[in-house]
Amino acid sequence: MRRIPGFAGIAAVSFVLLYAPIVTLVVYSFNAGDSIALWEGLSLRWFAAAWANEQVQEATVRSLVVAASASAIATAVSTMAALGTTRTAPFPGSMAIYALINQPLMVPEIVTAVALLIVFAMIKISTGYSGLGYLIAAHAAFCVPFAYLPIRARLEGMDLSYEVAAADLYATPWQTFRRITLPLLSPGIVAGAMLAFVISLDDVVITEFVKSAGQDTLPTYMLGQLRRAVTPEVNAISTALLAVTVVLLSAFFVLNRQRR
Amino acid sequence: EGELNIYNWGNYTNPELIKKFEETYKVKVTITDYDSNSTALTKVKAGGHGFDIVVPSANYVPIFVQEGLLLETRPDKMENFKNVDPQWVDVPWDPGRHYTVPWQWGTTGIALNTSIYSGDPNTSAIFMDPPPELVGKVNVVPEMNDVIGLAIMYVGGEPCTEDKNVLRQVRDKLMAAKPKWQSMDYGMTEKMSNGDVMASVNWNGSTFRVRLKNPKVVYGYPKEGYVVWMDSVAVLKDAKNVENAKLFQNFIMDPENAALISAFARYANGVKGSEQYMPEDMKTAPEIVVPEKYKAAGKFLPTCSKAARDLYTAIWTELRK
Amino acid sequence: MAGPAAPALAPARTGETAARAARIRRNWLLATPALVLLLLAASGPLLVVVVYSVLEPGEYSGVVWELSGEGWFRVLFHRDIFDDTLSLADAHLTIFWRSASISLLTTAITLVLGFPTAYFIATRPPTQRMLWLFLVTIPFWTNLLIRTFAIMEVIRNEGILNSWAMKLGLIQAPIQILYTDTAVLIGMVYVYLPLMVLPLYAAMERLDFRLVEAAYDLYASRWRVLTRVIVPLVRPGIVAGSILVFIPSLGAYVTPRVLGGGKNMMISNLIELQFGEGRNWPLGAALSMTLLAFVMVALLVYVRNMSKVERRG
Amino acid sequence: MQEAIGRAGTPINGGSAQSGSRVMVEARAVSKHFGSGEQVVKALDAVSVGIREGEFFTLLGPSGCGKTTLLRLIAGFEHPTAGAILLDGADISGLPPFRRPVNTVFQSYALFPHLTVAENIGFGLEMLGRPKAEIAETVAEMLQMVRMEAMRDRQTSQLSGGQQQRVALARALAPRPKVLLLDEPLSALDLKLRKEMQVELKRLQTETGITFVFVTHDQGEALAMSDRIAVMSEGNVLQVGSPTEIYEHPADHFVASFIGETNFLTAAVEGVDGGQVRLRLGGTLEVRAGLPDGMAPGPSVTVVVRPEHLRIADRDAGEGLPATVSDVVYLGTDTHYHLRLAGGEELFARVQNRPEGGEAWRVGDAVSAGFPPAAVRVLRD
Amino acid sequence: MQEAIGRAGTPINGGSAQSGSRVMVEARAVSKHFGSGEQVVKALDAVSVGIREGEFFTLLGPSGCGKTTLLRLIAGFEHPTAGAILLDGADISGLPPFRRPVNTVFQSYALFPHLTVAENIGFGLEMLGRPKAEIAETVAEMLQMVRMEAMRDRQTSQLSGGQQQRVALARALAPRPKVLLLDEPLSALDLKLRKEMQVELKRLQTETGITFVFVTHDQGEALAMSDRIAVMSEGNVLQVGSPTEIYEHPADHFVASFIGETNFLTAAVEGVDGGQVRLRLGGTLEVRAGLPDGMAPGPSVTVVVRPEHLRIADRDAGEGLPATVSDVVYLGTDTHYHLRLAGGEELFARVQNRPEGGEAWRVGDAVSAGFPPAAVRVLRD
Ligand SMILES: Nc1ncnc2c1ncn2[C@@H]1O[C@H](COP(=O)(O)OP(=O)(O)OP(=O)(O)O)[C@@H](O)[C@H]1O
Ligand SMILES: Nc1ncnc2c1ncn2[C@@H]1O[C@H](COP(=O)(O)OP(=O)(O)OP(=O)(O)O)[C@@H](O)[C@H]1O
Ligand SMILES: NCCCCN
Ligand SMILES: [Mg+2]
Ligand SMILES: [Mg+2]
């Protein structure tokens, strides 16, 4: 009754579209030649090369560190903000808060990148600090709406009555939050954190403009290679990361399922 | 001991060279990449970046100097300066080498896949007036100075000319040629090897690497005039590790070390005696060792006046849109 | 009667207003960390761009602190380098037009692909749905640049697409897709498809299929059920997905740069050119603001649309 | 007139309907299984039932007994695992729902939230491709019939529950279906509105003459509204008959307990003559009662006595069974007296409250519980 | 004993509760307004009510009358706009919910989905910082009390509605609150389970001796379970009293119509003597009836006659009002006869069905509708 003829076919096309490039990427990571386009036989040499290339390794680790920190911060502040702006009657300034939180979604990246370059450079000069903090802050900021949306959605769907019940059963507001709200909110928080993590991992434009010495991430490293030659080394790294994520996500998925 | 922060083009620095430097001086070197002179300039100018060394192209060096971004480290007084090929000492962008040390140099010419067009590759007409076989198959690397330099020489002008008639011709010809181009992109090592692009304005080192994969590809030195360029190593004024940076400048003027640079990115380096340490295939490659008969057409791009620069930029922006 | 009640009245009323004030204070406090972060690392710096748009360009880059309308002027008008004649900046207009049309097309195509995909997922048994969604999001976990390179492999002359099409006899010679607007479009559809599928799925999962049954019951054929019932009901999802695709498309940078071959700029590339090789920051800033204005218009349409939907449903 | 349990192969039609005897909808040995293997759910198990033209027919049963499944099979939303659905004599098993002249009023109303009241009502006619003028006319007529003329351009979300209910009815009636299916249309309404809508529904059915198949799990509603009732349990139809038949002559234990509250007693069989049986209750009381058709009783049978048929009297005054009052629940119209018999069996009596107050017993009182012989119904085993 | 309508400033406590007369919960002229300006909703309008220690007190009223709001004020989830809430004599208006020795059973149960049954029940004690051993013991006791021992480690999502209900009860009872608030705890259950839970709730209340404040909009439930009932309408308490008082002596039109089905008649006042009034009904019938305390009737009054108090007889045999039968609805236990009086007024009678069948009238029969004088209740204007 729910079937609409043709829809499954179009869905299949979508999935092919989504996976064809990924499959190509994975296949070429096993290329023996130096090209990401010319197949010269099967080999693990690019995995070895990536494994040996310190700059790539550092960039990978840095990407993960930035993404992890930024998504953690973004998730934390978004959770708080979602708690403050959801399931509450409109209050003075609530629209402004909402607009500000979603602002990074609306402003094209390049604009933010230039603005951040100028402002952060001023701060860097005046404070003398030029660590990863700027990258993490910038990433955390543009991750906020991505973390906020699923958390808010979860909160909106969450029955207020659980918290009321907890208060009724002598739980102080903090206890209510720790014991009831947070556990119930956790699927939304996990979704938000994951989304933020991916978004951070993906960013190149803002990172390129904000990074200081020794702060290449995987994407900016690759951007630097664009002008010369991109080797299957990056495919190898991506394949490895992809494998790790798929394993982790599958584990999460299976665990989540069993718990229900 | 200490640290050194190098800000260089992506995939341009030989890790072996760095390792050797680190081991020799017990310095921790960090490489950070950029992908264009303008990005590098912008970030350095904004400040607070933490870089010690930058590797701008020749035409950007005077800008860095004028903006007061470079430290006058006097490489000409360094121990290894004696190794620098005299040809690269009194260069227009840094007369007497008060600021910079040669990194690599090369030429910008034409790369052509002869399987599709068997005409003469040694002309800028390949991209300024593409023969019918190449229409829609030519790439032009989006490097302003190189392309406009080639175009000026193609219409008979001198690089850095402010002659509006010449420049108008340059613009009009470029604008007329653009629709016949396939793209304005980098990454020709890859794309010409696998046949995605059949001809391109390209750098010699890249073309050399293409030829190793695809012997059909030849490098052309445009007879109307082609561009000779050099990227040089400079120390930034706000560098925190000035001494290490100077050590590095000196270090890469050693022929053995200079050869390491070339072995990785496949361009010549401007240090006498480095040839003997270079890979065999580079020593005779017509892309790297400019054949005698083409030498005359090569022109070094001087640093132009502000007026000329503004005009170039205007033409370039118009072309890119 | 009011007499005895009065003393009890006063404290109670302050209790109510105090509770309200406390709630507002709490809400603001909770939002503050996010707001500080955003003001510091996202929204605040934008002010700089606004200021820069009305200054003189510096000689090599940056700005000179002198007021000038040139930046804004040149968004729309072009002054010939050689004879100083004024004309409309058709290059800018072309780029804006290209950006807008590619973004609209991207939105339309992701909608055409994403709608059935989301519907397909939403009609799987509940236990399977998460798995399908997961499959939609996996490609997201690979870096955008790498994915874009990977697309290049698919669409280049000897890539999968052309070689299969030739094998199947659909075409004789490879068609040039790479470096065309089509390539950019394919890339953008690929990149943004999940952003369309997710909100559509969210809307469809909430779709009350009893309404679909009611429509069948009232003699509606499948097509009519789709157009008259399902589409109107998941409209909020369609609008949300379209906005989520359209806005980032307008500001896309990497995809047009890699797949468009540098000849077919979109707004972001134009802005980058001004801040980079073009060395005209005020123009870059003014172009940024113009782009922002476009986005705002799109959002306004969205908000008005949504409130209409809310008023109805 | 009442026949036994509706079972595979034998379509039965107990009860006396006021309506014509032509069968409009017929389920022939219809089974519907969901899932497969170990997990299979037999939602309907070879159900046969015939619904007559123009009657108000009710499917009554507890949650999960298969009422909705049967409706959905008739409407065409599901396909039977076995058996056939006939409409007006023709097998319609192969027709998709939008080809069946059958409309449904859904429990949740399922009004289209993006259409106005009038657009909702006109939807079916529009889908049938009727001319605009005709649609407008029918919609106006329907609006009037359900007394919603003033709300024709409202959004459905602005309507109260009862109003939504009316629109759902009008929408389903507008295409003049041969059969109208109603799946617990009143269960979401509050008591007062529910009573009103019962009257309204009954009026509409009488006015239009359309066959109504009504689903409810509320026995009061079923008794008050139906021409005939089919009592269902676990995928089977247990009894089909008029409200009186079902209430007064329940076919089995399940029907007796599901239709109204009741007392079950075990009685010893003293003797059988013809259709009558002599029973001994609580060891002392002797009564004669009719036997269900063709039943041959064993040494004891289960009998039913409705609580409103019990009479409480002082212990010494009464002729009935000796009992003690264990609980008294005041219900306004009536009072329930819970009684414990000497043997430990529990009974309860429903006594209508008198305006004057009248006799009232308290917890602990020793009383006697009597009933006229006619109140005793013997159940099949 | 019954006093008039509960209004601002005058806490009233009609009805005779079996329980002690100490007031446990008191609302003093409590108002609660939502929104502001034009849009203000007066959910409660200067309500005063006193709930005694250990009684089963029910708030009864139609949807939106303010029942939940009053509960939420007592629990502390809302702050009164005006007035005060007293618990055991102390003003608790300033205390947050987690400081009030009052627990709630929510309509939706609100069981924590991420905790097991036992963890849910122990939650309140844990929050109170009780020692682990004590918690375990109380939880075990509670599990036994609600007969859920076997399910202690289940996830709450794996429980049926009735089981969830029990866990919610146990959870609220575990901390031994002074007052237990129950907001329509039975409304989501089906009829059978509902009846069972009514008995269970009543048992628990008797066993624990805790004051129960119960909210329902089901009058049958209220009558069957409560010691006293407060009937509410539109933010006001209209009457407080025992079930019998409320049903038999409704204070006004609203209470009379809300509690049970009833007939309203207009009667001409012929004369008043003392607390009695002589009335003429339908032009012919003369009756005497008691007047509500202190009422001075005008030329006519509204009287109530409960349908179960009407007696139908053949036209010539009866002494009552001449009428025609306009509808007959069979309800199993009873039959409703709808009657039209000569003057056009409508009445209905509820007649208990006799096992023998007995007298039955049909639509159109000319009958006479009589009632004993005691059945007539005069309403306040
Ligand atoms: N799509 C389905 N898949 C699996 N089982 C189903 C499905 N639909 C119904 N069932 C099962 O079939 C049985 C009958 O369901 P049905 O909905 O017909 O009951 P019902 O009598 O309408 O009950 P209710 O009064 O609760 O609506 C139930 O056990 C139900 O769980
Ligand atoms: N938070 C609120 N904001 C605005 N109005 C409210 C709010 N809570 C309740 N009301 C209004 O106050 C009135 C009383 O509501 P309340 O929930 O107390 O009714 P109720 O008697 O419990 O009804 P029900 O039987 O439907 O639960 C209603 O008109 C309701 O709409
Ligand atoms: N200056 C140009 C550098 C090019 C490297 N391939
Ligand atoms: Mg059902
Ligand atoms: Mg309520």
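Residue numbering restarts at 1 for every chain, and letters A, B, ... go by the order of the sequence lines.
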Go through the atoms of [X] and report whether side chain, backbone, both or neither lie under 4.5 Å from a heavy atom of chain A.
{"X": "E/R171", "result": "both"}
{"X": "E/T104", "result": "both"}
{"X": "E/L125", "result": "neither"}

Once rounded to the nearest 0.5 Å, what's the spacing between atom CD of A/E163 and atom CZ of E/F112? 9.0 Å
Working to the nearest 0.5 Å, report the span between CG of A/L169 and CD1 of E/I121. 11.0 Å
Report the C-alpha separation of A/Y162 and E/L111 in whole Å, then their side-chain angles, then the decisive distance to 0.1 Å, and conclude whether the side chain to side chain contact (heavy atoms under 4.5 Å, CB included) test is met. CA-CA 7 Å; A/Y162 298 125; E/L111 295 182; 5.7 Å; no
E/F98 versus A/D168: any side-chain heavy-atom pair under 4.5 Å? no
Working for side chain to side chain contact (heavy atoms under 4.5 Å, CB included), residues E/E126 and A/Y170: CA-CA 9 Å; E/E126 202 181 314; A/Y170 315 106; over 6 Å; no
Using a cut-off of 6.0 Å, state whether more than 12 heavy atoms not belonging to [X] lie near its atom [atom1].
{"X": "E/Q107", "atom1": "CD", "value": "yes"}
{"X": "A/R87", "atom1": "CZ", "value": "yes"}
{"X": "E/R203", "atom1": "CZ", "value": "yes"}
{"X": "E/R152", "atom1": "CZ", "value": "no"}

With chain A as the partner, which of E/L181, E/V102, E/V105, E/L115 has the greatest number of non-hydrogen pairs under 4.5 Å? E/V102
Of all of A/P183, A/A167, A/S186, A/P173, which one pairs up most often with chain E through heavy atoms under 4.5 Å apart? A/A167
Can E/H114 and A/I180 be said to form a side chain to side chain contact (heavy atoms under 4.5 Å, CB included), step by step? CA-CA 8 Å; E/H114 57 301; A/I180 305 298; 3.9 Å; yes
